[in-house]
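Here is the naming used below: chain letters follow the sequence lines, and residue numbers restart at 1 for every chain.
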Amino acid sequence: MADREYPVEQVESVPEQMGFRIDKLRALKENGQDPYKITTGRQTHHAADIVADFKNLEDETVSVAGRLLARRGMGKVSFADLLDRSGTIQIFSRLNNLGDESYASWQNLDIGDLVEVTGQVFRTKTGEISIRNSEWRLLAKSLRPLPEKFHGLRDTDTRYRKRYLDLIVNPEVRETFIKRSRIISFMREELERRQYLEVETPLLNTIPGGATARPFVTHHNALNLDLFLRIAPELFLKRLIVGGLERVYEIGRNFRNEGMSNRHNPEFTMLELYEAYGDYHSMMELSEALIAGACMDINGTYEIEYQGTPISLAPPWRRMTMVEAVHEFAGINFDSIANDEEAREAARKRGLDDVPANMTWGEALSKCFEEFAEHHLIQPTFIIDYPIEVSPLAKIKQGTNGRLTERFEIFIYGREHGNAYSELNDPFDQARRFEDQKRRREAGDEEATLPDDDFIEALEIGMPPTGGLGIGIDRVVMLLTDQPSIRDVLLFPTMKPLGSQIPENQAFSEGEAITYDQFTTDSQTIDLSKVKVEPLFEDMVDFETFSKSDFRVVKVLNCEEVPKSKKLLKFTLDDGSGQERIILSGIKEYYAAQSLMGKTLVAITNLPERKMMGIPSQGMIISSVYEYDGEENLNLLILDGNIPAGAKLY
RNA sequence: GAUCCGCUAGCUCAGCCGGUAGAGCACCUGACUUUUAAUCAGGGGGUCUGGGGUUCGAUUCCCCAGCGGAUCACCA
């Protein structure tokens with residue numbers, strides 16, 4: 001990597017504060033004290049442990065390592081707060097203890113620097129447990145100022161995009177993610193206790209199934225095959241039940257190509273589990289054990305507050321049929337409604353706007369529930385017995401004339417947190433329901449699932465009666481950590497790229513999502529009969545002339561479009577010399593700038609400098625060119641990434 | 001996708017009726033040997049998100065765009 005003057009390109013925007021820090025770093029390096037050469041840090045204790053165990057640690061010598069967060073100078077003594085993974089501890093430094101030189105360099109540190117400090121544990125005059133600095137080392141320099149210490153980092157956009165800053169300056173954020181990890185661990189432990197087997201099923205699906213949602217599409221080059229990111233692991237996990245594993249679960253990411261909100265991220269984490277010989281009743285008990293148990297584990301109580309609303313997660317939770325819920329909150333008794341027409345009439349009378357003429361009893365019930373009941377369900381409630389129309393994978397509940405299924409959803413704070421069924425294991429019925437989905441898809445419903453014949457075949461082998469449960473982990477974490485948005489419980493929520501980072505090849509407009517992968521695959525399957533190459537040159541070049549051409553392997557450090565130019569891409573290259581090399585190349589119609597980042601290419605480096613669009617170009621990048629079906633085709637020579645920059649070509 | 005709101009120094013925010021910008025923290029210089037958002041004195045730092053328009057003059061008014069947030073719709 002080139003020895004750049006400044007570590008980042010936007011240095012112009014913060015010349016002052018970064019400049020001071022870079023100067024300090026340079027002085028250290030010149031003094032033979034390059035902090036980046038240090039390979040370890042000594043941590044005998046962590047900040048929080050020292051505070052917690054002060055009785056035993058008083059006057060003991062400890063070593064801590066972490067980031068300086070605040071400094072309070074008093075002249076010949078100073079105080080600093082050091083942050084490690086456990087929290088902060090105060091460092092007390094005194095000229096008398098450190099000596100002139102060491103104290104002066106300590107005073108020269110900046111907020112954000114990473115240091116190791118060794119000293120005795122003691123309590124200051126004002127009572128704060130501290131470490132008396134007797135020896136210290138700078139472990140890494142921080143070149144950029146941290147966000148403000150008192151208000152922290154508030155701007156949500158920056159918090160999500162630069163989570164490392166958020167984690168440094170907003171301690172409660174670290175707390176939330178530690179709790180998130182703990183919640184997931186707890187659920188694993190609980191399922192382990194119940195002899196569940198953790199399994200992993202494919203994220204790349206040929207048929208996206210198990211839920212109704214629009215999938216993401218991607219492409220496999222070697223197989224020349226479109227694949228979908230999974231929308232749910234359900235159909236795979238049930239195959240494992242058929243296979244006799246009896247109790248399986250998977251905690252993993254699902255991908256749904258739908259809207260985003262404070263409760264929806266395109267990729268989200270689900271716990272999905274299946275228990276042979278169980279049903280939705282056993283799933284209710286398990287739901288309580290998992291969610292209330294996790295709450296007790298991290299909060300030490302079942303009584304929590306979510307966004308100011310008290311919620312009691314103490315089991316057992318209320319169980320209520322959907323019919324009962326609609327009766328209670330909407331005043332309509334669907335039990336006494338005999339047919340679809342009456343159901344539509346009742347819904348209309350109650351004030352439901354969108355009542356299509358073909359709406360069924362079940363659809364009307366479900367709609368009334370969503371409209372009038374759902375938001376009342378603040379305390380944890382199992383809503384059970386869903387209409388068959390909205391439950392394509394659940395068993396029919398006996399004694400309901402085939403209108404209801406054995407299904408429940410968990411509602412807390414008016415939001416759905418989980419979904420469970422007595423799983424449908426009748427292959428004939430399942431095949432019929434797939435057919436139904438197919439019809440809906442042909443009618444334009446993009447969310448309708450594709451028929452999965454192999455899954456039907458698995459059911460034909462025989463699946464035991466099974467209870468299945470899905471829990472939205474992100475929502476549970478939101479609830480248990482009192483976070484208002486799903487983005488607050490995802491370390492790196494999906495964000496739109498900022499303007500300058502949007503790759504050109506993202507032609508993902510409606511309907512025609514051509515991925516870059518497809519683009520390159522297409523160019524691999526060329527019809528050789530349509531290829532025409534230029535005749536070989538007849539004129540010879542003598543070896544001496546040829547050997548003066550300096551062909552070098554270069555790495556693409558950056559590649560961007562030249563503004564206002566139709567053809568030019570601007571490459572910033574590492575040619576192994578330590579100096580960056582700028583080369584402009586007219587290949588924009590063949591390659592997207594973003595797709596070439598990091599690639600290993602060939603360039604001729606000893607051509608006279610030439611200005612293009614006012615930018616001097618220092619050489620040429622080598623491509624192969626041929627005619628294909630009357631059109632010129634071009635491929636960059638892209639080499640194995642293991643060839644180092646600067647390697648000479650003979 | 002729709003509606004509303006926001007974007008000003010590294011960070012958190014002021015900036016009125018249009019007259020080329022302020023505070024606190026952070027940073028730099030100095031003082032200070034037990035501070036707690038240390039204190040005190042002095043100093044530097046801005047493409048007011050971008051592009052148009054109105055105007056003698058736009059951070060301010062208007063339009064368009066970008067990004068973010070909230071609400072709605074869909075979903076978990």
Side-chain angles (χ1 to χ4, degrees), chain A residues 10-21 23-24 69-81 88 90-98 103 108 110-112 122-130 132 142-162 165-166 168-170 210-214 231-232 253-272 354 370 409-411 415-419 445-447 470-476 478 484-487 493 495-502 510:
Chain A
Q10 327 95 295
V11 71
E12 298 79 27
S13 61
V14 279
E16 201 200 22
Q17 292 199 36
M18 270 187 84
F20 288 123
R21 290 170 180 232
D23 289 344
K24 288 179 185 178
L69 273 200
R71 288 148 46 75
R72 295 174 290 281
M74 285 283 299
K76 295 188 175 61
V77 301
S78 68
F79 300 86
D81 295 334
T88 60
Q90 179 169 268
I91 308 295
F92 172 73
S93 304
R94 209 161 78 138
L95 180 65
N96 295 12
N97 297 357
L98 286 173
Y103 188 76
N108 203 30
D110 290 297
I111 288 177
F122 76 111
R123 208 188 267 278
T124 61
K125 208 148 69 177
T126 47
E128 175 144 354
I129 293 165
S130 307
R132 185 178 283 113
S142 172
L143 298 180
R144 291 176 179 274
L146 287 180
E148 200 227 8
K149 61 179 167 183
F150 188 55
H151 297 94
L153 184 63
R154 281 288 146 70
D155 180 51
T156 47
D157 187 38
T158 313
R159 285 187 47 223
Y160 300 147
R161 288 183 196 279
K162 301 189 184 296
L165 288 178
D166 195 28
I168 292 167
V169 300
N170 296 326
T212 51
R214 285 176 65 181
I231 54 175
R253 221 65 70 77
N254 293 339
F255 305 85
R256 299 191 183 173
N257 205 340
E258 290 174 348
M260 291 164 67
S261 75
N262 68 342
R263 280 154 294 139
H264 299 87
N265 196 63
E267 50 178 309
F268 65 100
T269 302
M270 279 259 290
L271 162 63
E272 207 161 291
D354 184 27
E370 285 170 22
E409 292 191 327
I410 303 162
F411 287 88
R415 291 178 185 164
E416 190 196 332
H417 283 75
N419 186 9
D445 183 351
E446 289 184 68
E447 290 186 354
I471 291 178
I473 295 292
D474 307 297
R475 295 222 182 137
V476 169
M478 285 168 70
S485 168
I486 193 167
R487 295 181 160 202
M495 301 290 281
K496 259 194 189 180
L498 294 175
S500 60
Q501 307 169 341
I502 299 172
E510 301 289 317

For F92(A), check ring-ring contact (aromatic ring centres under 6.0 Å, His included) against everything at least two apart and list the hits. F79(A), F122(A)
Are any protein N/O atoms closer than 3.5 Å to N/O atoms in nucleotides 69-72 of chain B? If there are, list each pair with its distance.
unit_1  : atom_1 : unit_2  : atom_2 : d
rG69(B) : OP1    : R487(A) : NH1    : 2.4

Listed partners of F150(A) passing ring-ring contact (aromatic ring centres under 6.0 Å, His included), at least two apart: none
Paired runs of 3 or more consecutive Watson-Crick or G-U pairs involving RNA chain B, with both pairing distances under 3.5 Å, are B:1-7 with B:66-72, B:10-13 with B:22-25, B:27-31 with B:39-43, B:49-53 with B:61-65
Check: protein-nucleotides 4-8 of chain B nitrogen or oxygen pairs below 3.5 Å:
none

With sequence neighbours left out, what residues match T88(A) under side-chain contact (heavy atoms from CB on, under 4.5 Å)? L69(A), L83(A)
Sequence-distant partners of N108(A), side-chain hydrogen bond (donor to acceptor under 3.5 Å, both in side chains), two or more places apart: none
Non-neighbouring partners of Q90(A) that pass side-chain hydrogen bond (donor to acceptor under 3.5 Å, both in side chains), sequence neighbours left out: R72(A), S130(A)
Residues in side-chain contact (heavy atoms from CB on, under 4.5 Å) with M478(A), at least two apart? R263(A), Y306(A), R415(A), I486(A), V489(A)
Those residues at least two apart in sequence (or on a different chain) that pass side-chain hydrogen bond (donor to acceptor under 3.5 Å, both in side chains) with D110(A) are K24(A), K141(A)
Across all chains, not counting sequence neighbours, the side-chain contact (heavy atoms from CB on, under 4.5 Å) partners of R123(A) are F54(A), I129(A)
Not counting sequence neighbours, which residues clear side-chain contact (heavy atoms from CB on, under 4.5 Å) with D166(A)? List them please. R159(A), R163(A), N170(A), V173(A)
